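Below is one structure, written out as structure tokens, with a few remarks after it.
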Amino acid sequence: MTTETQKETLGFQTEVKQLLHLMIHSLYSNKEIFLRELISNASDAVDKLRFESVSNADLLSDDPNLRVRIGFDKDAGTITIDDNGIGMSRDEAISNLGTIAKSGTAQFLDQLSGDQKKDSQLIGQFGVGFYSAFIVADKVTVETRRAGHEEAIRWESEGTGEFTIEAIDKATRGTSITLHLKDDAQEFADNWRLRSLVSKYSDHISIPVEMLKVATPEYDEEGNVKPADENAEPTWEAVNSAKALWTRPRNEVSDEEYQEFYKHVSHDYQDALKWSHNKVEGKLEYTSLLYIPAKAPQDLWNRDMLRGLKLYVQRVFIMDDAEAFLPPYMRFVKGVVDSNDLSLNVSREILQNDNAVDSMRSALTKRVLDMLSKMAKNDPDTYQSFWDEFGNVLKEGPADDFGNKDKIAELLRFSSTHTDNAAQTESLKGYVERMAEDQDKIYYIYAENHNTAKNSPHLEVLRKKGYEVLLLSDRIDEWMMSSLREFDGKTFQDVTKGKLDIEVEESEEQKKEKEQKAEQMKPLLDRMKSVLEGKVTSVNSTDRLTNSPACLVVGEFDMGLQMRRLLEQAGQQLPESKPSLEINPDHPIVQKMDAESDEERFADMAWLLYEQATLAEGGQLDDPATFVTRMNKLIVQMSN
């Protein structure tokens with residue numbers, strides 16, 4: 001029977017035109033992915049042949065050098081992807097190429113069991129990659145011959161709902177796919193374009209992806225170009241590195257190779273700070289290679305930046321920024337994750353939210369936290385350099401990742417009154433170890449800048465008692481602290497909110513004297529409250545001050561003054577809230593006010609105390625000019 005009589009026209013076994021139209025126009029975000037998909041399928045075919053040849057070595061005897069080759073004809077507008085893998089029989093071609101959600105590899109894997117299944121490193125369970133060819137081609141021709149068979153077939157379709165299939169002569173096993181490019185896809189019939197796409201998407205496939213070597217002209221002694229040898233055999237060269245570094249055992253990879261690979265995946269020119277290379281086996285099987293950079297990128301502070309790991313499925317690149325595997329506060333981490341257990345949508349572009357992804361995200365997050373914990377413990381100087389670059393991003397962790405809040409808390413670094421330095425070098429563990437015997441809370445203060453925090457009146461009694469206070473001045477700090485309730489059994493307390501509840505050892509006489517003084521202060525407090533009506537909720541006597549005359553205090557459950565200002569600057573509408581004014585009864589200014597009979601002068605002094613307290617905690621005055629006038633007026637009166 002001649003090949004002509006064997007030619008048939010068949011319909012696709014699925015929803016045909018509608019589904020093909022969806023595939024071609026909707027499922028892929030950029031056209032160039034077609035090459036990734038077709039090289040991936042060719043790699044599957046080679047892997048399948050490699051596996052079957054274990055039990056039947058004759059399958060490899062005529063051509064043992066496995067490879068994928070890419071050719072193009074610019075004039076004809078075609079691209080050819082050719083492999084010497086397992087190939088397909090007539091029935092397999094009709095089944096695998098005629099059904100959208102069908103995969104020969106998936107069917108092949110179903111037949112395996114036990115150790116065979118583990119040893120078979122195959123992909124292609126997506127079932128639709130082949131049809132990405134129609135994104136760039138208006139006709140696709142497939143010529144294939146199964147290894148160990150004599151029959152070869154040609155499959156051809158324009159993607160309109162039907163295909164033709166016929167018997168042909170083919171000298172070698174494997175599959176050759178020819179794409180007849182659309183007018184708007186002619187750019188892909190280009191040597192440099194194809195090479196760059198192979199490097200981008202398929203660099204780490206374990207088999208060589210070859211293209212014809214570009215001939216370099218030879219010159220004679222006079223500088224003239226020598227005529228090319230028309231009988232010379234074409235030379236093929238590998239375009240990809242064919243080296244999936246993360247699949248190699250750790251003890252076979254040098255530090256230099258790890259650093260070079262980091263620069264490849266991150267496009268960073270500096271070495272990585274640390275890395276972690278792990279292979280996980282069990283319910284899920286995947287390999288991860290995670291890097292901590294040494295320097296922060298410019299867009300790190302943008303939570304909407306492109307972030308995530310490079311995702312591979314059995315060394316085939318799937319996407320650049322797979323953000324599903326790490327939380328946003330770890331957006332500084334670079335690296336790759338390679339698995340065959342992930343469920344992807346049909347375009348392999350968007351990871352579905354399934355248990356496998358959630359499990360991997362949890363494990364990879366813990367892996368990064370463990371890497372940072374070991375760095376902090378074993379190499380504190382290196383960790384400090386990491387903190388200086390990425391600390392503000394890690395501070396997003398307690399709010400982003402409640403389950404790992406305690407681990408993150410151990411990694412946080414703060415400025416504190418232990419040194420009074422602006423550098424954030426103190427850990428919570430170190431703070432707790434230094435706590436006074438009678439101290440049961442971790443105290444902190446948040447202010448606009450470090451100096452304002454360090455010199456705040458709120459710290460006076462705490463410094464007197466020898467209690468350390470964390471000095472917070474980064475914009476994210478107050479948000480971070482709202483998610484940190486306790487550490488090592490010690491609760492946190494903002495020293496600007498509510499009552500401090502610091503126990504002071506007093507004799508009975510001292511207690512009685514304090515009560516009498518408080519009673520004597522009531523008329524003064526009432527007078528000040530009357531003057532400052534509308535600005536404060538109350539005016540109270542306090543023992544938290546030792547050197548300053550007054551300070552502002554918000555309610556224990558109210559929003560901090562700094563956070564309030566930040567939200568208002570961002571245009572947020574907030575309910576009205578007023579602080580209370582606390583005064584130091586032993587301060588000379590307060591005592592002078594108590595004896596002041598001139599109500600106008602008393603009012604000026606009350607306003608000055610309120611305005612000074614506002615400035616001391618980093619606030620801004622509603623009317624600075626009036627403050628200056630009032631101050632000048634009092635100075636003149638005192639000088640007279």
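Just so you know, these numbers come straight off a predicted model, no measurement behind them. The basis for the numbers below is simple: all heavy atoms, side chains too, and nothing from hydrogens, waters or symmetry mates.
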For Asp622, does the CG atom sit with more than 12 other heavy atoms under 6.0 Å from it, leaving out its own atoms?
no
Could you list all the salt bridge (Lys or Arg N to Asp or Glu O under 4.0 Å) pairs where at least one residue sits in residues 625-637, not counting sequence neighbours?
Glu600-Lys633, Asp604-Arg630, Asp604-Lys633, Glu611-Arg630
Is there a side-chain contact between Glu617 and Cys551 (heavy atoms, below 4.5 Å)?
no
Classify the angle between the aromatic ring planes of Tyr383 and Phe386 as parallel (below 30°), tilted (30 to 60°) or perpendicular (above 60°).
tilted
Hey, is Asp401 close enough to Lys407 for a salt bridge, meaning N to O under 4.0 Å?
no
Kindly indicate, with the supporting measurements, whether the criterion side chain to side chain contact (heavy atoms under 4.5 Å, CB included) is fulfilled by Thr287 and Val280.
CA-CA 6 Å; Thr287 301; Val280 176; over 6 Å; no
Less than 6.0 angstrom separating the ring centers of Trp607 and Phe627, yes or no?
no
Stepwise side chain to side chain contact (heavy atoms under 4.5 Å, CB included) test for Ser473 and Thr452
CA-CA 9 Å; Ser473 55; Thr452 301; over 6 Å; no
Output yes when Lys263 and Asp271 qualify as a salt bridge under the 4.0 Å nitrogen-oxygen rule, no when they do not.
yes
How are the rings of Trp275 and Tyr291 set relative to one another: parallel (under 30°), tilted (30 to 60°) or perpendicular (over 60°)?
tilted
Arg527/Glu599 ion pair, N-O < 4.0 Å:
yes
According to side-chain contact (heavy atoms from CB on, under 4.5 Å), who are the partners of Lys295, at least two apart in sequence or on a separate chain?
Gln270, Glu389
Residue set satisfying side-chain contact (heavy atoms from CB on, under 4.5 Å) with Ser538, at least two apart, ordered chain then number -> Asn540, Ser580
With a 4.0 Å cut-off on N to O distance, would you call Lys529 and Glu533 a salt bridge?
yes
